[in-house]
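Computed from a predicted model, the values in this text were never measured in an experiment. Throughout, protein chains are lettered first and strands after them, A, B, ... in sequence-line order, and every chain is numbered starting at 1.
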2 protein chains.
Amino acid sequence: MATGRTHRPATRSRGIPEATVARLPLYLRALTALSERSVPTVSSEELAAAAGVNSAKLRKDFSYLGSYGTRGVGYDVEYLVYQISRELGLTQDWPVVIVGIGNLGAALANYGGFASRGFRVAALIDADPALTGKPVAGIPVQHTDDLEKIIQDNGVSIGVIATPAGAAQQVCDRLVAAGVTSILNFAPTVLSVPDGVDVRKVDLSIELQILAFHEQRKAGEEAAAEAAAVPAAATRGDSADQGPDGDVPAVMPA
Amino acid sequence: MATGRTHRPATRSRGIPEATVARLPLYLRALTALSERSVPTVSSEELAAAAGVNSAKLRKDFSYLGSYGTRGVGYDVEYLVYQISRELGLTQDWPVVIVGIGNLGAALANYGGFASRGFRVAALIDADPALTGKPVAGIPVQHTDDLEKIIQDNGVSIGVIATPAGAAQQVCDRLVAAGVTSILNFAPTVLSVPDGVDVRKVDLSIELQILAFHEQRKAGEEAAAEAAAVPAAATRGDSADQGPDGDVPAVMPA
DNA sequence: CGGTGTGAAAACCTTCACAGCG
DNA sequence: CGCTGTGAAGGTTTTCACACCG
């Protein structure tokens, strides 16, 4: 994280711990679903279950935002949606550019999740002249040559890199030079950026490797259990904490 | 994660901390690059720089695996590649199924990173009959009806879910019932699974929201700085820790 | 001498458990 | 009475700093 896992050396982001920030989007999603079903209030227990965390953690997380609950009752859904949105900076809309319109870039461009919550695909950029002008998800692809102008004209501060690993650092440098200060990197490379620029990476092969580690461990345990005792039947015990923070997941070779 | 972040309540996975496991793939990638350039040995300082972490952390991480370095010299690249691969379970190959062959599923299927490191796309599965039989990335798509048979025939224990959010839990239940014990979830939903099943999630909109939070904070600080004092020039200070472990990042609406 | 390996300290995050408010 | 909000305890992760070895 993901990630994870996550970000600058330390951070006193107006006091909200990084681990809490990473969970706010989760709460927001669960709250949005409740809001759509017109549920007026929710308890920490219910909301925690919907978000896949435990209720003590959720209450602690919310305590960093302020006292938005009512004792004996719970939280007002609409009000919390607003407070979390504001905290995450989603009350404004963020223009985003996607660089690298291959399979993955196209998938991202077509992805509906942007529009819904504060993000807008301002431009698609690719180095292949054959793509230039072709519409993907209704947006014409522009050529890398114009990257700086596109960033500046649209006031973009968030960039998504979906290029091959070899091109990522170079693209990153140009994005940063043009004024981008937050980068979501899908290329399997460590990007080096100046202070003050945030990078989050999404890396498919890392996630798979972490799964393989645990899978292997399970196989070992199973063998040991078989040799020694009664195999335990799997009972549905709701979930196992999901996601890296983190740490971290994305797309390309190791 | 996305990290983040990550996995079971605790874990004494033969003693290796979860945070360390999440970084092993990073080290492995950096080592593989060195290996390709025929570099024989590397110091913790150099390798840490290549992986984007600090050297104390790296040495501590490696200390959980054993004493694989040579004092005064560093680590033997080939040897470390082997040890980490073994630890991660990458010396065997893992058949993987991808369920949901939309834009994202197709991108994943076409992604070269599988083959290279221990993973093999055993099958592509989609609920749309119009897709059945059509090759994607050279592999014919099979229908959801045959999911159980496909899992069993191929001995699949790792599944990737790239369906819309609404279908994810149902697909997950079927994968688990058929014997899958590790799931990489790209759908923006919290999956509920029995004990003993690992889930990692990759969620694009969560990652973007975390970036937006920091972006907003920067804007606020900037304004404060402008009002109060000399704006600091950005000097290239290599990187800011990347990625949620976990945490982890993925694809669909909030 | 140079760089690993590691105890010990510090920082951070999660969980417990309960006081206190509506 | 029920549920939030939170100090305090417990656990994990990171960082420090240095002993030790090749």
When you compare the side chains of D198(A) and S182(A), does any donor N or O come within less than 3.5 Å of an acceptor on the partner?
no
Rounded to whole angstroms, how far apart are [atom1] on [X] and [atom2] on [N]?
X      : N       : atom1 : atom2 : result
Y64(A) : dT4(D)  : OH    : P     : 17 Å
I16(A) : dT14(C) : CD1   : P     : 14 Å
N54(B) : dA17(D) : CG    : C1'   : 13 Å
K57(B) : dT14(D) : NZ    : P     : 5 Å
R23(B) : dT12(D) : CZ    : P     : 15 Å
E45(A) : dC16(C) : CD    : C1'   : 14 Å
Y68(A) : dT6(D)  : OH    : P     : 12 Å

Proximity to the side chain of K60(B) - top-ranked nucleotide from dG5(C), dT14(C), dG7(C)
dG7(C)
Okay, side chain of Q169(A), backbone of S192(A): is any donor-acceptor separation there less than 3.5 Å?
yes
For DNA chain D, which residues in residues 75-85 of chain A have a heavy atom at a distance below 4.0 Å?
Y75(A)
Within the structure, does a side-chain N or O atom of S44(B) lie under 4.0 Å from either OP1 or OP2 of dT4(C)?
yes
Distance check: side-chain N/O of R59(B) vs OP1/OP2 of dC16(D), anything under 4.0 Å?
no
Return whichever of S63(B) or D61(A) has its heavy-atom-nearest nucleotide of DNA chain C closer to the 5' end.
S63(B)
With 3.5 Å as the limit, what N/O pairs link the protein to nucleotides 20-22 of chain C?
none

Contacts of Y79(A) that satisfy ring pair (Phe, Tyr, Trp, His ring centres under 6.0 Å) - sequence neighbours left out:
Y68(A)
Mind checking ring pair (Phe, Tyr, Trp, His ring centres under 6.0 Å) for F62(B) and listing every partner two or more places apart, or none if nothing turns up?
Y27(B), Y75(B)
Partner set under side-chain contact (heavy atoms from CB on, under 4.5 Å) for T181(B), not counting sequence neighbours:
E215(A), K218(A), S157(B)
With A50(B) via side-chain contact (heavy atoms from CB on, under 4.5 Å) - residues at least two apart:
A30(B)
Taking side chain to side chain donor-acceptor pair (under 3.5 Å) as the definition, give me every residue that meets it alongside [X], ordered by chain and number, with sequence neighbours left out.
X       : value
Q216(B) : none
T41(B)  : none
E78(A)  : S35(A)

